[in-house]
K.L.:
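There's a structure below that I have some questions on.
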Amino acid sequence: MIDAARPGRIRLGAETFDRLAAGGGDPAVIAELQAGQYSRRMVLLRAFLEAAGPGPAWSALERAERAAPGEVSAILMHPQVGSWLAYTLRRPADAGFGQLHAVAIVASAAAGLPYRAEVPLRDGRVMLPRLGMAMFDGCAPSAVAEIATEDGRIWLRHAGVRIDVPPPGVDGPGWWALRAVTVGDDVRLTVWLDDLDPMRDLADPVPPARLSDPAVARWTGLLAGAWDILVERHRPLAEALAAGVSSLVPLPVGEGWGTRSASSGDAFGAIMCSLPPDPVTLAVSLAHEFMHIKLGGLMHLVVLTEGSGRPGLYAPWRDDPRPAGGLLQGIYAFFGIAAFWRMQRHTADLPGKLADFEYAYARAQTREALGVARRDGGLTEAGRRFTDRLAAEMDTWQADRLDPEAVALAALVADGHRAGWRIRHGHPAAVDVAALAAAWQAGSAEPVAVAPSEVWPDETMRHWSSARLGLARRRLTAPDRYAAVRGESWGSGLSDADLALFAGDPVAARKGFAEQVHDDPASADAWTGLGLAMARAGMPGGAVLLARPEVVAALHAGLGGRPDPAGLAAWTESAIPHQF
């Protein structure tokens, strides 16, 4: 029963926790997380009731739940209902509170009970959860529509225009139905292909973006192909995903991005994704986001991190600093990506070297981030247990044999990303830079103490790392077209030195990057490229340029940009030993 005054208390068992911490979770585990989510929805509804006050919509929900508890539970657990509840409680507005009538109408219709109310229209539209969207033309911003259900059928009326809601999945005059897609045979996945709900995105309400029939067919084909991959090669994951995912939200393709995907802790069971180029890409996106969904459900039940939440931690898959909770989410998701490629590399769907690269890269990213979380992530006792169990699972992967070139390129990209992040977000203390400059000018060989650099949040969320990652992939998949990457939009910023470095010629790369630093001392890519080339060539100075590039660049600037960059790096490496 809906009882906002006494929401159920859910406790997660130790065995369930450990199975999730190891990256797994069968349908029974997913059911425990869903029970926790239902309890959370009850808590949100209680807060909603306290904010809006009791009324006819609440009474209608109670009546419907008594008559049809399973149907009402499914409506309340619809992912976008969770998003709407959380959004409205964070940013109260009359339109948000009024949407409760739409939920009550759908519940009443499912229970076969009558109900009549008024619902607010947002740009002339109103969403009925799990059914679709009604649309009226020429509405004022504050317009409302009369809505009613009788004998399980729903109708709406505004300014003399009546919209009769057709059966599920059927469009009609003034009505777009929420479409469902089912794929698979023995293991079946059914999801809402949601291009309508205002609350289907991560933040503010968004307008509908109705897919054409050919676009729906394209999504259905891709999903069927991705599902075949998951069922054939990743069956335990597919079985859990079928139990836990109920909504797929198409995202627009962003400028400068590959396939984008996202999920929200408020919308348990929903995955957002831009149109992928192939089923494999969609399959890995589903695996990735399902890990976020599972961890989001777990973190609503168990506190894994504590602290200020300030974004200051390094996440190897992000170009901006992350808070502890976000880092832990990324660790879990990239563990899932690594696990996907660990199995997928044994198929013929992709060139072997590329699959090995994706696995090696995701594995290295997850390993490094686990170290950051354990050291600086403010983990609770449960958080330490979680990361320990995840690390132990990864320990069993270390003997996997991988293509040497793929492993070397994965390490090159990982080292370059870490250095690129540090030089952009790390800020050494001015007094330390001044002390180093004085020692350099005096020709001193004495060590200089340099404190850890301060990390500042990046409110602009700059994206800067995709070109070298794409270069590594091109080197493995199409070496005959390797140099042509600079003619493509994503590779236009790459230099001859980058191409030499990823082709295995660090000496030529070192020369080219040193010239770039001389021409543009503020170029982060030139400094990090120089560090990568020097380290691969075994030259002194390479290590410090990868570990503390912000210190070397700041020192170079403090000395007026005069010293030779490679020579200054080698000196700095000797001046701050054991401090990087």
K.L.:
Could R19 and D26 be called an ion pair, given the rule that one side-chain N must be under 4.0 Å from one carboxylate O?
P.N.:
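The answer is yes: the pair qualifies as a salt bridge.
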K.L.:
Before you tell me yes or no, could you show the steps for L555 and W571 under side-chain contact (heavy atoms from CB on, under 4.5 Å), namely the whole-Å CA-CA distance, both residues' side-chain angles and the distance that decides it to 0.1 Å?
P.N.:
CA-CA 11 Å; L555 175 59; W571 177 87; 3.9 Å; yes
K.L.:
Quick check on R462: does its CZ atom have over 12 non-hydrogen neighbours (other residues, nucleotides or ligands) under 6.0 Å away?
P.N.:
yes
K.L.:
What's the verdict on salt bridge (charged side-chain N to carboxylate O under 4.0 Å, His left out) for K353 and D356, showing C-alpha distance, side-chain angles and the deciding distance?
P.N.:
CA-CA 5 Å; K353 285 188 177 184; D356 277 3; over 6 Å; no
K.L.:
How long is the span from the CZ atom in R474 to the CG atom in L494, to the nearest 0.5 Å?
P.N.:
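Between atom CZ of R474 and atom CG of L494 there are 10.5 Å.
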K.L.:
Decide yes or no for L282 and C273: does some side-chain heavy atom of the first lie under 4.5 Å from some side-chain heavy atom of the second?
P.N.:
yes
K.L.:
Can you find a heavy atom in the side chain of R536 that is under 4.5 Å from one in the side chain of R510?
P.N.:
no
K.L.:
Nearest 0.5 angstrom please: M394 CE to T366 OG1, how far?
P.N.:
4.5 Å
K.L.:
Kindly determine whether L409 and E405 satisfy side-chain contact (heavy atoms from CB on, under 4.5 Å), including the steps that lead there.
P.N.:
CA-CA 6 Å; L409 285 172; E405 184 184 12; 4.1 Å; yes
K.L.:
I'd like to know whether L546 forms a side-chain contact (heavy atoms from CB on, under 4.5 Å) with M534, so could you lay out the CA-CA distance, the side-chain angles of the two residues, the decisive distance to 0.1 Å, and finally the verdict.
P.N.:
CA-CA 10 Å; L546 294 183; M534 292 173 65; over 6 Å; no
K.L.:
Scan side-chain atoms only and decide if R548 and S453 contain a donor-acceptor pair under the 3.5 Å cut-off.
P.N.:
yes
K.L.:
Quick one: closest heavy-atom pair of A435 and V448, and the distance?
P.N.:
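Smallest interatomic distance, heavy atoms only, reads CB-CG1, 4.0 Å.
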K.L.:
Name the atoms and distances for all side-chain donor-acceptor pairs under 3.5 Å in residues 557-570, with sequence neighbours left out.
P.N.:
{"from": "R562", "atom 1": "NE", "to": "L559", "atom 2": "O", "distance (Å)": "3.4"}
{"from": "R562", "atom 1": "NH1", "to": "L559", "atom 2": "O", "distance (Å)": "3.3"}
{"from": "R562", "atom 1": "NH2", "to": "L559", "atom 2": "O", "distance (Å)": "3.0"}
{"from": "D564", "atom 1": "OD2", "to": "A566", "atom 2": "N", "distance (Å)": "3.4"}
{"from": "D564", "atom 1": "OD2", "to": "G567", "atom 2": "N", "distance (Å)": "2.7"}

K.L.:
Answer whether the closest heavy-atom distance between the side chains of E454 and E550 falls below 4.5 Å.
P.N.:
no
K.L.:
Taking 4.0 angstrom as the limit, do R235 and D186 come out as a salt bridge?
P.N.:
yes
K.L.:
Taking the six-membered ring of W464 (Phe, Tyr or Trp), confirm whether the NZ or CZ of R424 is under 6.0 Å from its centre and within 45° of its axis.
P.N.:
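Yes.
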K.L.:
Is R385 salt-bridged to D388, cutoff N-O under 4.0 Å?
P.N.:
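Answer for the salt bridge query: no.
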K.L.:
For L402 and A360, work out which heavy atoms get closest and say how close.
P.N.:
CD1-CB, 3.9 Å
K.L.:
Between the side chains of Q344 and H234, does any donor sit under 3.5 Å from an acceptor?
P.N.:
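Note: Q344 and H234 side chains meet the donor-acceptor criterion.
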K.L.:
Mark yes or no for whether D519, through its side chain, and Q516, through its backbone, hold a donor-acceptor pair below 3.5 Å.
P.N.:
no
K.L.:
Side chains of D525 and S523: any donor to acceptor distance under 3.5 Å?
P.N.:
no
K.L.:
Counting only heavy atoms not in E459, do more than 12 fall under 6.0 Å of its CD?
P.N.:
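No, not enclosed.
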K.L.:
Say you draw a straight line from CD1 of I337 to CH2 of W341; how long is it, rounded to the nearest 0.5 Å?
P.N.:
9.5 Å
K.L.:
Checking R218 side chain against L275 main chain: does a donor-acceptor pair fall under 3.5 Å?
P.N.:
no
K.L.:
So, do T387 and L328 sit near enough that their side-chain heavy atoms are less than 4.5 Å apart?
P.N.:
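Yes. Closest side-chain heavy atoms under 4.5 Å.
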K.L.:
Yes or no on side-chain contact (heavy atoms from CB on, under 4.5 Å) for R468 and L501, after CA distance, side-chain angles and deciding distance?
P.N.:
CA-CA 10 Å; R468 285 177 178 166; L501 176 64; 5.6 Å; no
K.L.:
Without swapping roles, check the side chain of Y361 against the backbone of A414 for a donor-acceptor pair under 3.5 Å.
P.N.:
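Pair absent, no side-chain N/O of Y361 close to backbone of A414.
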K.L.:
Quick one: are V253 and R260 in side-chain contact, heavy atoms under 4.5 Å?
P.N.:
no
K.L.:
So with a 6.0 Å cut-off around NE2 of H518, is the heavy-atom count from everything else above 12?
P.N.:
no
K.L.:
Show every donor-acceptor pair shorter than 3.5 Å between a side-chain atom in residues 284-293 and any protein atom, with sequence neighbours excluded, or say none if there are none.
P.N.:
{"from": "S285", "atom 1": "OG", "to": "T281", "atom 2": "O", "distance (Å)": "3.0"}
{"from": "H288", "atom 1": "NE2", "to": "H292", "atom 2": "NE2", "distance (Å)": "3.2"}
{"from": "E289", "atom 1": "OE1", "to": "S263", "atom 2": "N", "distance (Å)": "3.3"}
{"from": "E289", "atom 1": "OE1", "to": "S263", "atom 2": "OG", "distance (Å)": "2.9"}
{"from": "E289", "atom 1": "OE2", "to": "S261", "atom 2": "OG", "distance (Å)": "2.7"}
{"from": "E289", "atom 1": "OE2", "to": "A262", "atom 2": "N", "distance (Å)": "3.3"}
{"from": "H292", "atom 1": "ND1", "to": "Q329", "atom 2": "OE1", "distance (Å)": "2.7"}

K.L.:
Hey, are D195 and R200 close enough for a salt bridge, meaning a charged N less than 4.0 Å from a carboxylate O?
P.N.:
no
K.L.:
Hey, could you give me the CZ/CG distance between F502 and L476, rounded to the nearest 0.5 Å?
P.N.:
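The CZ atom of F502 sits 10.5 Å away from the CG atom of L476.
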K.L.:
Just by modelled atom types, is the P276 backbone N or O under 3.5 Å from a matching donor or acceptor in the T259 side chain?
P.N.:
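Checking the backbone N and O of P276 against the side chain of T259, no donor-acceptor pair under 3.5 Å is found.
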K.L.:
Is it true that R473 and E358 have a side-chain N and a carboxylate O under 4.0 angstrom from each other?
P.N.:
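Yes, R473 and E358 are salt-bridged.
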K.L.:
Judged by atom type as modelled, is there a donor-acceptor pair below 3.5 Å linking the side chain of R363 to the main-chain atoms of W397?
P.N.:
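Here the side-chain-to-backbone pair exists.
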K.L.:
Using a 3.5 Å distance criterion without hydrogens, assess whether the side chain of E573 forms a donor-acceptor pair with backbone atoms of V544.
P.N.:
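Confirmed, E573 side chain pairs with V544 backbone.
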K.L.:
Can you check whether S466's main-chain N or O pairs, donor with acceptor, with H417's side chain at less than 3.5 Å?
P.N.:
no
K.L.:
Any chance you could measure I229, atom CD1, to T347, atom OG1, to the nearest 0.5 Å?
P.N.:
7.5 Å
K.L.:
Tell me whether the count of non-hydrogen atoms from other residues, nucleotides or ligands lying under 6.0 Å of CG in D395 goes above 12.
P.N.:
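Yes, the 6.0 Å shell around CG holds more than 12 heavy atoms from other groups.
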K.L.:
Using a 3.5 Å distance criterion without hydrogens, assess whether the side chain of D432 forms a donor-acceptor pair with backbone atoms of A451.
P.N.:
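Yes, D432 side chain to A451 backbone: donor-acceptor pair under 3.5 Å.
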K.L.:
For a 4.5 angstrom cut-off between non-hydrogen side-chain atoms, does V181 reach L248?
P.N.:
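The answer is no; the side chains never approach within 4.5 Å.
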K.L.:
Would a distance-only check, ignoring hydrogens and angles, find a side-chain to backbone donor-acceptor pair under 3.5 Å from Y314 to V372?
P.N.:
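It does not hold such a pair.
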K.L.:
Within the 4.5 Å heavy-atom criterion, are T528 and F513 side-chain neighbours or not?
P.N.:
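The answer is no; the side chains never approach within 4.5 Å.
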K.L.:
If we ignore hydrogens and angles and just use 3.5 Å, is the side chain of D319 paired with the main-chain N or O of S465 as donor and acceptor?
P.N.:
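Answer holds: yes.
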K.L.:
Would you say L211 and R179 make side-chain contact, with heavy atoms under 4.5 Å?
P.N.:
yes
K.L.:
Here's a test for you: under ring pair (Phe, Tyr, Trp, His ring centres under 6.0 Å), which of F334, Y332, W421, F335 qualifies with W317?
P.N.:
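Result: among F334, Y332, W421, F335, F334 is the only option passing the ring pair (Phe, Tyr, Trp, His ring centres under 6.0 Å) with W317.
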K.L.:
Can you tell me how far the OG1 atom of T477 sits from the OH atom of Y482, to the nearest 0.5 Å?
P.N.:
11.5 Å
